[in-house]
Amino acid sequence: MRSYTLLACAKINLYLEIVGDRADGYHELAMIMQSVGLCDRLQIEPSGTDIIRITCNHPDVPSDSSNLAYRAAELMCSEFPEAFAQYGGVNISIDKHIPVAAGLAGGSSNAAAVLVGMDLLWNLGLTQGECERLGEQLGSDVPFCVRGGTALATGRGEKLSPLPDLDQLYVVLAKYESVKISTAWAYKTYRNIDEESYIRDPEHIEAYGQKVHSGPIVRAIASKNHAIITEELRNDFEKIVLPEYPQLVALKQRFIEAGALGTLMSGSGSTIFALTESQAEADRIKSDIEQQLNDPDLNLWVAQFSPTGIKVSD
Ligand code: C5P
């Protein structure tokens with residue numbers, strides 16, 4: 001049986017608003033998610049046994065069930081027992097390029113690639129929607145990582161409305177290796193400072209999602225008005241993360257001084273991104289910041305906005 005190689009894209013949030021509380025203990029969100037072309041490469045092949053085996057070239061990536069990619073493979077084995085009986089387990093090798101614990105959905109994107117890859121390996125013929133529904137069981141960002149492109153995400157992040165592609169934009173991504181933020185910590189801390197403003201009534205929450213859908217950033221994406229998109233960038237997690245990490249505030253300031261269109265933290269951090277309208281401009285800003293800060297703890301990447309989340313590579 002053949003093996004499959006998949007490219008799993010990172011995502012950034014152009015907008016992340018924490019709207020309220022949900023009965024399941026999660027937060028109700030309104031987010032604009034964007035795939036970017038900084039990708040992990042996964043190879044998936046039959047293991048020849050019942051075992052699921054994960055190998056990765058990055059020391060911080062676990063090979064057991066604490067890795068979302070492992071849980072994605074386990075989920076496929078339990079959802080499709082006949083295929084598992086016929087084809088057995090899988091070897092998954094992950095070539096990591098997306099920084100870990102960075103707010104770039106690297107783990108979720110790997111899990112999405114495993115769902116798509118095992119669908120192909122086992123000839124299941126699942127639709128994208130079916131892969132997204134499986135992804136919901138694994139994590140809030142996994143459905144978006146399956147779909148990719150540009151989308152408004154509501155609910156706990158799993159309800160997706162596609163938005164027009166923004167493929168003319170580029171990002172410079174910057175991550176301090178030593179600054180690792182736990183998503184669960186970020187939500188808990190946010191709750192402590194802002195819980196009184198949370199919306200709880202389901203009708204009100206639904207109306208709020210509609211309001212964002214017809215709001216300025218979605219309109220600006222539709223008209224590809226980059227100036228308004230950058231004015232409307234928002235991430236509520238900045239309120240709790242930036243005061244703890246002054247170096248991230250300084251990084252945002254450097255990006256603006258270097259001429260970026262706009263800058264924001266992605267997800268619960270700690271990646272800071274800057275938007276540009278050309279690869280040349282992104283490359284220039286990256287090298288300016290590298291020279292100015294000259295900090296071995298700071299890593300930078302340039303990527304283009306991507307219209308897809310998972311790509312099957314030849
Ligand atoms: O869904 P996922 O496993 O990615 O979520 C990680 C953690 O982030 C959850 O345990 C929860 O604490 C928090 N979370 C939340 N509301 C969301 C998404 C995540 O509170 N909408």
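Whatever order the structure lists them in is the order used to number ligands and atoms, beginning at 1.
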Which of the numbered atoms in ligand 1 are under 4.0 angstrom from any heavy atom belonging to His27?
15 (C), 16 (N), 17 (C), 20 (O), 21 (N)
Closest protein heavy atom to atom 8 (O) of ligand 1, given as residue, atom name and distance to 0.1 Å:
Tyr187 CD1, 3.4 Å
Establish, for the pair Arg200 and Tyr198, whether the NZ or CZ atom is under 6.0 angstrom from the six-membered ring centre and no further than 45 degrees off its axis.
no
Enumerate the atoms of ligand 1 whose separation from the nearest heavy atom of Gly139 is less than 4.0 angstrom.
1 (O)
Against heavy atoms of Arg156, which atoms of ligand 1 measure under 4.0 Å?
1 (O), 17 (C), 18 (C), 21 (N)
Numbering as shown, the atoms of ligand 1 that approach Leu29 to under 4.0 Å (heavy-atom distance):
21 (N)
Within 4.0 Å of some non-hydrogen atom of Thr183, the atoms of ligand 1 are 8 (O)
Under 3.5 Å: donor-acceptor pair, side chain of Glu74, backbone of Ala72
no
Any idea which atoms of ligand 1 are less than 4.0 Å away from a heavy-atom of Ser140?
1 (O), 2 (P), 4 (O), 18 (C)
Could you tell me whether Tyr187 and Phe237 have their ring centroids closer than 6.0 angstrom?
yes
Between the side chains of Gln128 and Glu132, is a donor N or O closer than 3.5 angstrom to an acceptor N or O?
yes
Treating Ser270 as the side-chain partner and Val179 as the backbone partner, does any N or O pair qualify as donor plus acceptor under 3.5 Å?
yes
Will you find, in the side chains of Ser93 and Thr55, an N or O donor that is under 3.5 Å from an N or O acceptor?
no
For atom 10 (O) of ligand 1, the closest protein heavy atom turns out to be Tyr26 OH, 4.5 Å
